[in-house]
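Here the structure comes first, spelled out in structure tokens, and everything after it is commentary.
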Amino acid sequence: MSTHDRKIISVIGSGLIGCSWTMVFLSGGYRVKIYDKQPGQAAKAVQNVRLQIEELQQNQMLRGNLNSVEQLALLSSHENLSEALEGAFFVQECVFEDLAVKQAVFHELEGHVGKDVILSSSTSCLLPSSIFSEVQSRMRCIVCHPVNPPYFVRLVELVPHPETLPVVMDSTFALMTQIGQAPVRLMKEIDGFALNRIQYAIIAESWRLVKDGVISVQDIDLVMSEGLGMRYAFNGPLETMHLNAPDGLEDYLRRYKEGMQRVLSSFGPVPEFSDKEAEVFIQDMCKHIPSSQLSVRREQRNNLVMGLAKLKKMTE
Ligand SMILES: NC(=O)c1ccc[n+]([C@@H]2O[C@H](COP(=O)([O-])OP(=O)(O)OC[C@H]3O[C@@H](n4cnc5c(N)ncnc54)[C@H](O)[C@@H]3O)[C@@H](O)[C@H]2O)c1
Ligand SMILES: *[C@@H]1O[C@H](CO)[C@@H](O)[C@H](O)[C@H]1NC(C)=O
């Protein structure tokens with residue numbers, strides 16, 4: 001297949017997430033056209049993606065069946081929106097997390113593409129019914145919420161608008177699977193989607209335990225990183241229940257149901273996370289990891305996540 005026969009995906013907004021989606025789509029063998037409203041930004045994104053892809057190839061971490069040269073030949077940047085959208089069957093929006101900006105972007109996108117083109121948003125926190133309110137044919141709209149860094153953390157939450165057609169959900173699911181991501185379907189929209197609802201539940205209980213003087217900031221983080229996190233990279237919480245009793249889930253419930261309910265009913269209210277309340281958390285955290293070390297620590301984290309991705313691939 002030559003470069004020009006390949007199907008086209010347009011990426012609108014070329015910051016951190018726009019570049020990440022671009023690399024994931026390229027790894028799946030798609031032609032990717034990047035557009036950004038900020039003049040010069042899309043071209044900069046192409047340079048950025050080029051460096052990252054070459055480095056990944058050197059470290060033997062490049063995804064997909066094509067080498068770095070073949071993948072980069074599929075990439076182009078555009079300053080003209082209609083040219084960036086020409087020929088695309090799928091559009092991934094990655095602009096600022098601002099409702100008014102996203103609504104305007106989708107309204108504008110619709111004017112340049114046919115009715116069967118899937119319009120997808122990367123939003124972390126906004127609901128499909130809000131983001132797509134200015135779009136006329138909303139049945140082809142969907143949220144594909146990635147997790148940072150998407151090249152190594154494969155989960156994508158697919159969240160429909162109430163009018164999204166099942167076939168749009170199905171083809172988006174198939175596309176995500178084909179490019180090597182791990183999609184999950186939400187049957188309907190809900191604030192926080194699934195990932196952030198779970199994440200916030202963990203944050204809230206961690207916060208309360210520290211605030212109530214039960215455990216320190218460093219130790220509650222160890223409860224996750226040395227405890228729950230060790231298995232959660234491979235088995236979710238429900239499968240963990242199934243594995244943790246000799247006869248599986250039913251057995252687990254028989255043994256632990258009452259204890260779970262007792263503990264759960266002792267949970268406190270939603271924390272305030274107020275300035276005053278947060279002071280001690282911030283002080284403790286900064287003593288442990290001073291702000292001068294943040295970027296080193298971030299890079300270390302990304303390398304470790306990369307290693308974990310490699311390990312998970314081996315266990316597939
Ligand atoms: N950063 C994360 O960890 C993360 C994770 C999951 C989802 N997301 C979501 O992805 C989206 C993008 O986030 P990001 O971190 O890449 O932001 P970013 O600030 O790095 O990039 C946004 C880009 O969009 C461009 N832009 C702004 N308005 C535009 C417009 N009208 N048309 C075209 N381009 C426009 C900007 O010039 C900028 O290059 C947000 O909705 C965010 O919530 C982010
Ligand atoms: C963008 O490209 C289209 C098609 O090539 C052209 O008609 C249009 O005038 C261009 N827009 C701008 C702002 O240059």
Side-chain angles (χ1 to χ4, degrees), residues 8-25 32-49 52 75-88 91-114 119-135 141-159 161 172 176 181-184 186 189 191-200 203 294-295 297-299 301-302 305-306:
I8 299 172
I9 295 178
S10 301
V11 169
I12 307 301
S14 60
L16 181 73
I17 292 298
C19 288
S20 300
W21 270 124
T22 297
M23 291 162 55
V24 172
F25 292 137
V32 181
K33 295 173 150 191
I34 311 187
Y35 170 84
D36 201 289
K37 192 165 189 163
Q38 175 87 24
Q41 172 60 35
K44 252 190 241 159
V46 166
Q47 287 312 311
N48 172 357
V49 166
Q52 289 196 63
L75 178 59
S76 57
S77 66
H78 301 263
E79 297 273 320
N80 176 319
L81 182 61
S82 104
E83 285 171 11
L85 292 166
E86 201 188 329
V91 181
Q92 185 67 37
E93 167 276 314
C94 313
V95 307
F96 300 137
E97 185 77 347
D98 177 309
L99 180 58
V101 172
K102 291 211 192 268
Q103 283 174 334
V105 165
F106 280 105
H107 180 67
E108 194 181 359
L109 288 181
E110 194 177 38
H112 293 280
V113 299
L119 302 180
S120 163
S121 173
S122 301
T123 186
S124 312
C125 302
L126 301 167
L127 289 178
S129 55
S130 318
I131 292 184
F132 302 124
S133 61
E134 306 296 312
V135 177
C141 292
I142 191 162
V143 164
C144 289
H145 173 224
V147 186
N148 211 17
Y151 205 76
F152 301 109
V153 181
R154 303 188 312 150
L155 183 80
V156 183
E157 291 184 285
L158 307 185
V159 190
H161 181 278
T172 305
M176 292 297 149
Q181 296 301 90
V184 294
L186 270 68
E189 64 176 31
D191 203 11
F193 310 151
L195 181 135
N196 275 325
R197 292 181 78 87
I198 303 293
Q199 171 163 243
Y200 295 159
I203 289 174
L294 278 176
S295 54
R297 194 83 184 162
R298 269 186 210 115
E299 190 168 334
R301 190 257 322 255
N302 290 350
V305 171
M306 198 183 338

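For clarity, every value in this text was computed on a predicted model and none was experimentally measured. Ligands are counted one by one from 1 in listed order, and the atoms in each one are counted from 1 as well.
Using a 4.5 Å heavy-atom threshold, the side chains of Leu81 and Glu108 count as touching. Phe193 has its side chain out of reach of Ser124: every pair of non-hydrogen atoms, C-beta onward, lies at least 4.5 Å apart. For the pair Phe152 and Asn302, the minimum side-chain heavy-atom distance is 4.5 Å or more. Put simply, the side chain of Asn48 reaches to within 4.5 Å of the side chain of Gln52, judged on heavy atoms.
Near Cys94, the atoms of ligand 1 lying under 4.0 angstrom from a non-hydrogen atom of the residue are 12 (C), 22 (C), 23 (C), 24 (O).
Considering only non-hydrogen protein atoms, atom 21 (O) of ligand 1 sits nearest to Gly15 CA, 3.3 Å. Protein heavy atom nearest atom 20 (O) of ligand 1, with residue, atom name and distance: Leu16 N, 3.2 Å. Atom 29 (C) of ligand 1 has Val95 CG1, 3.6 Å as its closest protein atom, hydrogens excluded (heavy atom only). Summary of contacts: the protein heavy atom closest to atom 6 (C) of ligand 1 is Pro146 O, 3.2 Å. Among protein heavy atoms, atom 8 (N) of ligand 1 sits closest to Ser124 OG, 3.2 Å. Remark: minimum distance from atom 9 (C) of ligand 1 to any protein heavy atom is reached at Ser122 O, 3.3 Å.
Taking the six-membered ring where the residue is Trp, the centroids of His78 and Tyr35 are separated by 6.0 Å or more.
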Can I get a per-line list of side-chain donor-acceptor pairs under 3.5 Å for residues 14-25, giving both atom names and the distance, sequence neighbours left out?
unit_1, atom_1, unit_2, atom_2, d
Ser14, OG, Asp36, OD2, 2.9
Ser20, OG, Leu16, O, 3.0
Trp21, NE1, Ser122, OG, 3.1
Thr22, OG1, Gly18, O, 2.7

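Using a 4.0 Å cut-off between charged side-chain N and carboxylate O, Lys33 and Glu86 make no salt bridge.
Protein neighbours of ligand 2 below 4.0 Å, counting non-hydrogen atoms: Asn80, Ser82, Glu83.
Not counting sequence neighbours, the partners of Ser82 by the side chain to side chain contact (heavy atoms under 4.5 Å, CB included) test are Asn80, His112. Scored by the side chain to side chain donor-acceptor pair (under 3.5 Å) test, Ser130 finds no partners at all (sequence neighbours excluded).
Annotation: Val105 places no N or O atom under 3.5 Å from an N or O atom of ligand 1; distance criterion only. The shortest N or O to N or O distance between Glu97 and ligand 1 is under 3.5 Å. For ligand 1, the polar-atom distance check finds no N/O of His145 at less than 3.5 Å from any of the ligand's N/O atoms. Looking at Gln38 next to ligand 1, no N or O pair under 3.5 Å apart turns up.
With a 4.0 Å cut-off on non-hydrogen atoms, Ile17 touches ligand 1 through its backbone as well as its side chain. The proximity of Lys37 to ligand 1, defined as any non-hydrogen pair under 4.0 Å, involves the side chain as well as the backbone.
Expressed to the nearest 0.5 Å, how far CD1 of Ile34 lies from CG of Leu75 amounts to 5.0 Å.
With no hydrogens or angles considered, a side-chain donor-acceptor pair links Thr123 and Glu97 at under 3.5 Å. The closest side-chain donor-acceptor pair between Glu189 and Ser129 falls under 3.5 angstrom. Side-chain atoms of Glu134 and His107 include no donor-acceptor pair closer than 3.5 Å.
Heavy atoms of Glu93 come nearer than 4.0 angstrom to ligand 1 in no pair at all.
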